[in-house]
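Keep in mind that this is a model prediction, so the values were computed, not measured. By convention in this document, chain letters (A, B, ...) are assigned in the order of the sequence lines, proteins followed by strands, and residues within each chain are numbered from 1.
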Protein chains: 2
Amino acid sequence: MNEKKNVTITDVAKKLKLSVATVSRALHSHPSVKESTRKRVVDMSDKMGFRINEVASSLRSNKSKTIGMIVPKIYMYFQSQIITIIQNELYKYGYNLIILQSNDSLELEKQAVETLMSFRVAGVIAAVTLYTVDFSHFDVFLNNNIPVIFYDRIPDYENDSIKVCGDDKQGGFEATRHLIEVGCKNILHISGPLQCYLYKYRSMGYKMALERSGIPFKEENLVCHELTHENAWSTLVNAFERDPSIDGIFTANDTCAIAALEFCKSHNLRVPNDVKIIGYSNDNRTAITTPSISSVEQFPNEFGIKTVSVLMQALNNEAGAPTKYVIPVKLVRRMST
Amino acid sequence: MNEKKNVTITDVAKKLKLSVATVSRALHSHPSVKESTRKRVVDMSDKMGFRINEVASSLRSNKSKTIGMIVPKIYMYFQSQIITIIQNELYKYGYNLIILQSNDSLELEKQAVETLMSFRVAGVIAAVTLYTVDFSHFDVFLNNNIPVIFYDRIPDYENDSIKVCGDDKQGGFEATRHLIEVGCKNILHISGPLQCYLYKYRSMGYKMALERSGIPFKEENLVCHELTHENAWSTLVNAFERDPSIDGIFTANDTCAIAALEFCKSHNLRVPNDVKIIGYSNDNRTAITTPSISSVEQFPNEFGIKTVSVLMQALNNEAGAPTKYVIPVKLVRRMST
DNA sequence: TTGAAAGCGCTAACAC
DNA sequence: GTGTTAGCGCTTTCAA
């Protein structure tokens with residue numbers, strides 16, 4: 001025990017024969033406190049090993065320095081990238097991050113909202129589950145003046161929330177147009193559930209590209225389900241059985257693009273000669289397959305930085321009307337196309 | 001505004017004409033409170049939209065329901081896997097998770113310790129930076145009775161902390177022995193900095209395997225640096241220039257194993273015919289390269305579950321003497337060997 | 001089984 | 001520029 005435990009502001013005040021109010025002000029660099037006093041307080045605090053008790057501070061001021069985040073699953077490539085940058089950014093502004101996972105369960109997502117309310121977080125950053133269509137469980141934040149930023153998986157309607165999303169329609173469009181440009185005439189699109197904003201808009205881009213090229217959209221070429229390796233595999237089995245002339249595959253994530261590549265390899269379909277493949281997110285795995293897989297870069301860094309800066313604006317009441325911020329995407333061409 | 005804001009325990013008490021003390025007890029299922037009262041309180045709380053204010057609760061009881069985590073970088077494969085499971089596990093016990101990243105900077109790690117102290121976390125889970133040799137900045141937790149569990153990157157000496165680590169020596173041993181078994185005679189080991197527990201023990205396993213097979217250890221075949229793609233590449237350039245007879249590469253992470261594979265491909269070295277490669281961590285990328293890369297599975301799930309259960313024991317003072325828990329590893333053989 | 005009351009450490013009027 | 005003081009919402013003795 002070489003360190004005193006839990007030195008309080010009162011201890012520092014006594015030692016310096018000052019009031020706690022002055023110490024508090026000094027620690028927050030309040031303008032009315034004399035510079036020499038401020039310095040004495042800061043020095044003594046360091047010397048005594050004082051650390052502000054954020055819990056007491058939050059309770060009293062009713063302001064917390066903690067941001068709550070709700071995500072489906074931390075380990076997903078895009079999510080882990082964006083969480084990384086968000087934590088680093090928040091740190092710069094002096095905020096901390098509590099992360100809760102919904103595991104793509106609506107029930108857990110609702111519980112997460114309750115938990116964050118209990119912790120009186122200052123703000124919330126959320127990417128909802130695949131199945132969240134009704135966002136009203138988030139209203140409690142807005143009713144309590146806690147800003148919410150939805151990112152990536154956002155509500156597909158106007159409301160009081162702030163949204164940061166990728167340009168999913170454009171991404172879907174560019175991916176599909178690219179396949180068409182390199183010669184595909186019969187393109188299968190493996191999509192996630194269409195009630196989810198991302199997938200809805202990516203598929204809209206897909207349809208738009210077909211239309212612009214005069215290729216008729218075929219209902220059976222748009223398959224929607226959770227984007228797992230297994231699901232993609234059985235979709236591909238069915239699709240190629242039904243129609244062996246498929247010559248392009250656009251998957252709405254990279255896990256499925258990898259599945260598609262493996263499927264083609266195992267069924268003697270040459271990639272890119274017989275079938276061309278493009279994924280979405282530019283997962284780091286896409287660069288190392290043979291052949292490497294084309295994808296759509298979503299710029300998680302820009303995404304995260306934008307999300308945090310928008311949140312900070314909202315916390316400072318500098319935000320204007322609720323807006324949707326769109327992060328551009330970029331086609332990354334590789335050997336699979 | 002369809003929801004009242006910040007209903008307090010006092011509001012509930014007034015409504016029921018009870019004291020706040022009884023309400024508090026009821027909410028915590030204190031045995032002395034009559035079941036019928038408990039039910040009335042719980043029902044009324046729900047009805048009024050009451051949520052306990054964890055901030056006030058923490059302040060008063062001096063106990064928090066928050067665990068702090070310090071990691072180098074969230075997005076690293078093994079880290080994101082383990083964070084995922086740790087958050088889910090903690091949730092089961094009613095704890096929340098604040099994550100701070102050191103970005104492998106010792107300075108940031110020290111600041112993270114201060115931040116977690118300020119937030120009066122109940123316990124700490126930490127994987128230190130590559131450069132943390134002196135762990136004394138963590139002492140403040142122990143001095144304040146806050147348990148610390150080090151995992152993965154742990155102190156390499158006896159102290160009062162609890163440690164959960166993989167069987168790195170065994171992993172290094174098995175990886176190297178495997179290369180030897182499949183015919184390698186001249187094995188390069190690309191390691192991280194040896195002051196870091198992980199890499200020290202993996203390299204000890206490497207040496208042990210060589211020794212047991214009567215292969216002399218060559219100093220120049222053990223290269224240490226941060227395990228990035230670029231570093232691995234230049235190491236490989238140098239190594240094969242110096243000694244083209246290298247026929248096996250054991251890298252202490254998978255990023256470098258992937259770099260090794262790419263290097264071999266680009267230098268007309270056939271894998272596994274000319275050179276065999278094995279990595280470490282069983283990163284999901286290793287399964288999808290061509291050829292796929294052998295690796296050492298570290299079981300992040302078991303790792304995370306063990307870490308949390310040990311932490312819970314410590315929080316309940318059920319922990320015995322500080323211990324090191326070792327999670328077994330498993331060789332995953334693929335096409336690169 | 002319940003209530004009264006003190007106080008966790010801090011902030012922010014309001015006073016001087 | 002600094003001090004006094006009243007709580008923030010809750011837990012927890014102590015008393016009834």
Hey, does [X] reach any base, or is it just sugar-phosphate, or nothing, if we go heavy atoms under 4.0 Å?
X        : answer
Ser32(B) : base
Ser58(A) : nothing
Ser24(B) : base
Asn62(A) : nothing

If you count heavy atoms of other groups shown closer than 6.0 angstrom to NZ of Lys15(A), is the number above 12?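 No, not enclosed.
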Considering residues, nucleotides and ligands other than Tyr77(A), do more than 12 of their heavy atoms fall under 6.0 Å from its OH?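 Yes, enclosed.
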Hey, which of these two, Val20(A) or Val33(A), hits DNA chain D nearer its 5' end, going by closest nucleotide?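 That would be Val33(A).
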Is there a side-chain polar atom (N or O) of Ser19(B) under 4.0 Å from OP1 or OP2 of dG3(C)?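 Checking Ser19(B) against dG3(C): at least one side-chain N or O falls below 4.0 Å of OP1 or OP2.
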By nearest atom, which of the nucleotides [options] is closest to the [X] side chain?
X        : options                  : result
Phe50(B) : dT12(D), dC10(D), dT2(C) : dC10(D)
Arg60(A) : dA6(D), dG3(D), dT1(C)   : dA6(D)
Ser57(B) : dA12(C), dC10(D), dG7(D) : dC10(D)
Lys34(B) : dT1(C), dA12(C), dT11(D) : dT1(C)
Thr22(A) : dG3(D), dA12(C), dT11(D) : dG3(D)
Arg25(B) : dG3(C), dC10(C), dG9(D)  : dG3(C)
Leu18(B) : dG1(D), dT12(D), dT2(C)  : dT2(C)

What heavy-atom pair brings Pro147(A) and Ala122(A) nearest, and what distance separates the two atoms?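 For Pro147(A) and Ala122(A), the tightest heavy-atom pair comes out as CD-O, 3.3 Å.
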Short side-chain donor-acceptor distance under 3.5 Å, Thr132(B) and Thr129(B):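 Indeed, the side chains of Thr129(B) and Thr132(B) share at least one donor-acceptor pair under 3.5 Å.
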